[in-house]
Student: 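This is the structure, below, for whatever I ask next.
Residues take their numbers from the sequence shown, with the count starting at 1. Here the structure is a predicted model, which means the values were calculated and not measured.
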Amino acid sequence: MEINLISDTVTKPSQEMLRFMFQAEVGDDVYKQDPTVIALEAKVAAFFGMEAALFFPSGTMANQTAIKLHTQPGEQLIADKWAHVYNYEGGGASFNSGVSCCLLDGNRGMITAQQVAGAINNPEFYHSPSTSLVCVENTTNKGGGACYDIAEFVKIKAVCEANHLKFHLDGARIWNALVVTKDNPKAYGKIFDTISVCLSKGLGAPIGSLLVSDAATIKRALRIRKIFGGGMRQAGYLAAAGIYALDNNIERLTEDHRRAKELGTVLQKLTWVEKVEPVETNILIFELKKGLNENLLIEKLKERNIHISSMGHGKLRIVTHLDYREVMHSYVIETLERIVVNCN
């Protein structure tokens, strides 16, 4: 029994999802003739109360398209220092859009309106790049699955409007956040200029993200997706997986959150653990006691068929997901309680 807790992207489609995919009606989506893709895009746009959505093969491409939409070369975006758009998208902001990043020292990947206001460059001072975009992430990946308070988004939006900035949400795990906060997703649609959402993190679809916005912006995004090579033909088979995931796998995210919190409780009691970050959703980050080798722990767990990931500097990450079943959960808890980690 292999237990992969490296990410929630490691899941495989269930038999029910596969059957739904195989039954999809498809067409050529490059010509915008795939009825299942069109249905998925309409479904996600309506979910957030926005006009339109566009299907992408990856969340990185959706985010990079948003940056391209909202900036010009030589400009600057504002984000947290742990933001996915900066750390995990291959330098795409500079490569694709020619923009630099002003990185803020937020709390667990979350920034405040006050920080944003203080980071905006004076538009009259031509020695500095012109600030044009603010990017936030909910939940935060490197911040351990933390969820923003929507009130802070409203405050940041006010700063953006006062300074003529665009506001983008990297909502790769927005479903996890919404399950916890109970926020109305349509409120997000009123706050953000663009929202990217992922179907293959947490929801169990094999591939796919969407960018959501107003109709005119999505029409522009279609051209950028083409330039980035993101056009797909009979993509309805993949879109069907997304429709199934949205209809069946959102509410069950509470199980992933429960298991992550239970693992956090276990880790807090272990003598070789220094710190466990607060657990709100399905991402659990913890630190080992000083002098202990995280790679040694990873190898010990591998020997017991449990896979987790290192974040470096003594930090490790566990991510729960729908393929992580209760029998696996019991085994992981038992293993963690028995394992011994030393300085060797």
Side-chain angles (χ1 to χ4, degrees), residues 1-22 139 141 144-147 172-173 175-180 198-208 241-273 275-288 292 294-311 315-341:
M1 179 173 62
E2 291 289 322
I3 303 174
N4 192 334
L5 296 172
I6 291 173
S7 177
D8 49 4
T9 61
V10 302
T11 59
K12 297 177 182 178
S14 64
Q15 290 301 311
E16 293 79 12
M17 180 181 283
L18 285 171
R19 280 194 290 271
F20 196 78
M21 292 169 68
F22 289 147
T139 66
N141 180 357
C147 302
R173 294 183 175 88
W175 324 109
N176 297 82
L178 291 173
V179 165
V180 169
C198 187
L199 304 171
S200 60
K201 295 184 181 76
L203 297 190
I207 190 173
I243 292 172
Y244 181 91
L246 291 169
D247 288 343
N248 294 277
N249 292 340
I250 292 180
E251 291 304 320
R252 62 144 307 281
L253 290 170
T254 57
E255 289 299 300
D256 299 342
H257 300 171
R258 173 183 64 80
R259 289 175 182 138
K261 288 177 181 178
E262 289 174 358
L263 290 172
T265 300
V266 170
L267 286 166
Q268 285 176 333
K269 299 175 182 177
L270 301 179
T271 58
W272 41 268
V273 173
K275 179 183 178 183
V276 178
E277 295 287 348
V279 183
E280 294 181 59
T281 53
N282 67 322
I283 300 176
L284 166 62
I285 294 175
F286 65 100
E287 296 179 30
L288 299 184
L292 298 182
E294 67 261 31
N295 292 322
L296 179 62
L297 173 61
I298 287 173
E299 289 305 314
K300 282 177 177 279
L301 290 172
K302 276 185 183 178
E303 291 170 3
R304 294 158 177 82
N305 298 319
I306 301 169
H307 303 270
I308 68 172
S309 58
S310 169
M311 303 183 73
K315 279 190 175 183
L316 298 111
R317 189 180 84 154
I318 291 173
V319 186
T320 56
H321 50 75
L322 62 81
D323 283 357
Y324 177 58
R325 301 185 301 276
E326 195 65 26
V327 63
M328 297 176 175
H329 185 54
S330 299
Y331 173 72
V332 171
I333 288 176
E334 180 182 341
T335 302
L336 288 172
E337 289 176 337
R338 292 184 176 183
I339 207 164
V340 175
V341 182

Student: Quick one, Leu246 with Leu203, criterion side chain to side chain contact (heavy atoms under 4.5 Å, CB included). Give me CA distance, side-chain angles, the key distance, then yes/no.
Tutor: CA-CA 7 Å; Leu246 291 169; Leu203 297 190; 3.8 Å; yes

Student: So which pairs with a foot in residues 260-270 pass salt bridge (charged side-chain N to carboxylate O under 4.0 Å, His left out), sequence neighbours left out?
Tutor: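 Applying salt bridge (charged side-chain N to carboxylate O under 4.0 Å, His left out) to every pair that reaches into residues 260-270, excluding sequence neighbours, yields Arg258-Glu262.
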
Student: Taking side-chain hydrogen bond (donor to acceptor under 3.5 Å, both in side chains) as the definition, give me every residue that meets it alongside Thr11, ordered by chain and number, with sequence neighbours left out.
Tutor: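 Applying side-chain hydrogen bond (donor to acceptor under 3.5 Å, both in side chains) to Thr11 gives none.
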
Student: Decide yes or no on side chain to side chain contact (heavy atoms under 4.5 Å, CB included) for Phe20 and Asn248, but give the supporting numbers first.
Tutor: CA-CA 12 Å; Phe20 196 78; Asn248 294 277; over 6 Å; no

Student: Taking His321 for the side chain and Asn4 for the main chain, is one N or O donor matched with an acceptor at less than 3.5 Å?
Tutor: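 The answer is yes, because a donor-acceptor pair under 3.5 Å joins these two groups.
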
Student: Where the side chain of Tyr331 meets the backbone of Arg304, is there a donor-acceptor pair that is under 3.5 Å apart?
Tutor: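 It does hold such a pair.
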
Student: Before giving the answer on side chain to side chain contact (heavy atoms under 4.5 Å, CB included), spell out for Val319 and Leu5 the whole-Å C-alpha distance, their side-chain angles and the decisive distance to 0.1 Å.
Tutor: CA-CA 5 Å; Val319 186; Leu5 296 172; 5.8 Å; no

Student: Under the side-chain contact (heavy atoms from CB on, under 4.5 Å) rule, collect the residues that match up with Glu337, sequence neighbours excluded.
Tutor: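 Glu337 satisfies side-chain contact (heavy atoms from CB on, under 4.5 Å) with Val266, Ile333 only.
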
Student: Indicate yes or no: at least one non-hydrogen side-chain atom of Ile3 is less than 4.5 angstrom from one of His307.
Tutor: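 No; the side chains remain at least 4.5 Å from each other.
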
Student: Could you list the residues that satisfy side-chain contact (heavy atoms from CB on, under 4.5 Å) with Glu280, not counting sequence neighbours?
Tutor: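 Expected list: Arg108, Ala146, Cys147.
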
Student: With sequence neighbours excluded, tell me which residues meet side-chain hydrogen bond (donor to acceptor under 3.5 Å, both in side chains) with Asn141.
Tutor: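 Asn141: side-chain hydrogen bond (donor to acceptor under 3.5 Å, both in side chains) contacts with Arg317.
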
Student: Looking at every non-hydrogen atom in both residues, tell me the closest pair between Ala245 and Met17 and how far apart they are.
Tutor: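 Closest heavy-atom pair between Ala245 and Met17: CB-CE, 4.0 Å.
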
Student: Please walk me through it: do Ile207 and Ser200 pass side chain to side chain contact (heavy atoms under 4.5 Å, CB included)?
Tutor: CA-CA 5 Å; Ile207 190 173; Ser200 60; 5.6 Å; no

Student: Just to verify, what does Glu16 make a salt bridge (Lys or Arg N to Asp or Glu O under 4.0 Å) with, not counting sequence neighbours?
Tutor: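 Glu16 satisfies salt bridge (Lys or Arg N to Asp or Glu O under 4.0 Å) with Arg19 only.
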
Student: Could you tell me whether the side chain of Thr281 and the main chain of Asn176 form a donor-acceptor pair under 3.5 Å?
Tutor: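 Judged by distance alone, no pair lies under 3.5 Å.
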
Student: Between Trp175 (side chain only) and Cys198 (backbone N and O only), is there a donor and an acceptor less than 3.5 Å apart?
Tutor: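 Such a contact is found between Trp175 side chain and Cys198 backbone.
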
Student: Below 4.5 Å, heavy atoms only, C-beta onward: do Ile318 and Ile285 meet side chain to side chain?
Tutor: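 Contact flag for Ile318/Ile285 side chains = no.
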
Student: How would you list, by chain and number, every residue that makes a ring-ring contact (aromatic ring centres under 6.0 Å, His included) with Tyr324, sequence neighbours excluded?
Tutor: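 ring-ring contact (aromatic ring centres under 6.0 Å, His included) check on Tyr324 returns His329.
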
Student: Got a second to check how far Glu303's CD is from Thr335's OG1, nearest 0.5 Å?
Tutor: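 The CD atom of Glu303 sits 11.5 Å away from the OG1 atom of Thr335.
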
Student: Of all residues at least two apart in sequence or in a different chain, which pass the side-chain hydrogen bond (donor to acceptor under 3.5 Å, both in side chains) check with Asn295?
Tutor: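 Per chain and number, Asn295 pairs via side-chain hydrogen bond (donor to acceptor under 3.5 Å, both in side chains) with no residue.
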
Student: Can you tell me if Arg325 has over 12 outside heavy atoms packed within less than 6.0 Å of its CZ?
Tutor: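 No.
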
Student: Taking all non-hydrogen atoms of both residues into account, name the closest pair between Ile6 and Ser309 and its distance.
Tutor: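 Looking at all heavy atoms of both residues, the shortest contact is O-OG, 3.9 Å.
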
Student: Just jot down the side-chain contact (heavy atoms from CB on, under 4.5 Å) partners of Ala260, sequence neighbours excluded, or say none.
Tutor: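 With sequence neighbours excluded, Ala260 shows a side-chain contact (heavy atoms from CB on, under 4.5 Å) to Val279, Thr320, given in chain and number order.
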
Student: Is the backbone of Val10 close enough, under 3.5 Å, to the side chain of Ser7 for a donor and an acceptor to pair up by distance?
Tutor: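 Absent.
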
Student: Among all residues two or more places apart in sequence or in another chain, which pass the side-chain contact (heavy atoms from CB on, under 4.5 Å) test with Thr254?
Tutor: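 side-chain contact (heavy atoms from CB on, under 4.5 Å) check on Thr254 returns Val179.
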
Student: So do Leu322 and Arg252 actually touch side chain to side chain, heavy atoms under 4.5 Å?
Tutor: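 Answer yes - side chains close enough.
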
Student: For the CD atom of Glu251 and the CG atom of Leu178, what is their distance to the nearest 0.5 Å?
Tutor: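 Answer rounded to 0.5 Å: 10.0 Å.
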
Student: Is there a side-chain contact between Leu297 and Leu316 in this structure, where contact means two heavy atoms from C-beta onward sitting under 4.5 Å apart?
Tutor: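 Of all side-chain heavy-atom pairs linking Leu316 with Leu297, at least one is under 4.5 Å.
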
Student: By side-chain hydrogen bond (donor to acceptor under 3.5 Å, both in side chains), which residues pair with Tyr244, not counting sequence neighbours?
Tutor: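 Per chain and number, Tyr244 pairs via side-chain hydrogen bond (donor to acceptor under 3.5 Å, both in side chains) with no residue.
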
Student: Among pairs that include at least one residue of residues 2-15, which meet salt bridge (charged side-chain N to carboxylate O under 4.0 Å, His left out), considering only residues two or more places apart or in two chains?
Tutor: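 The answer is Asp8-Arg173.
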
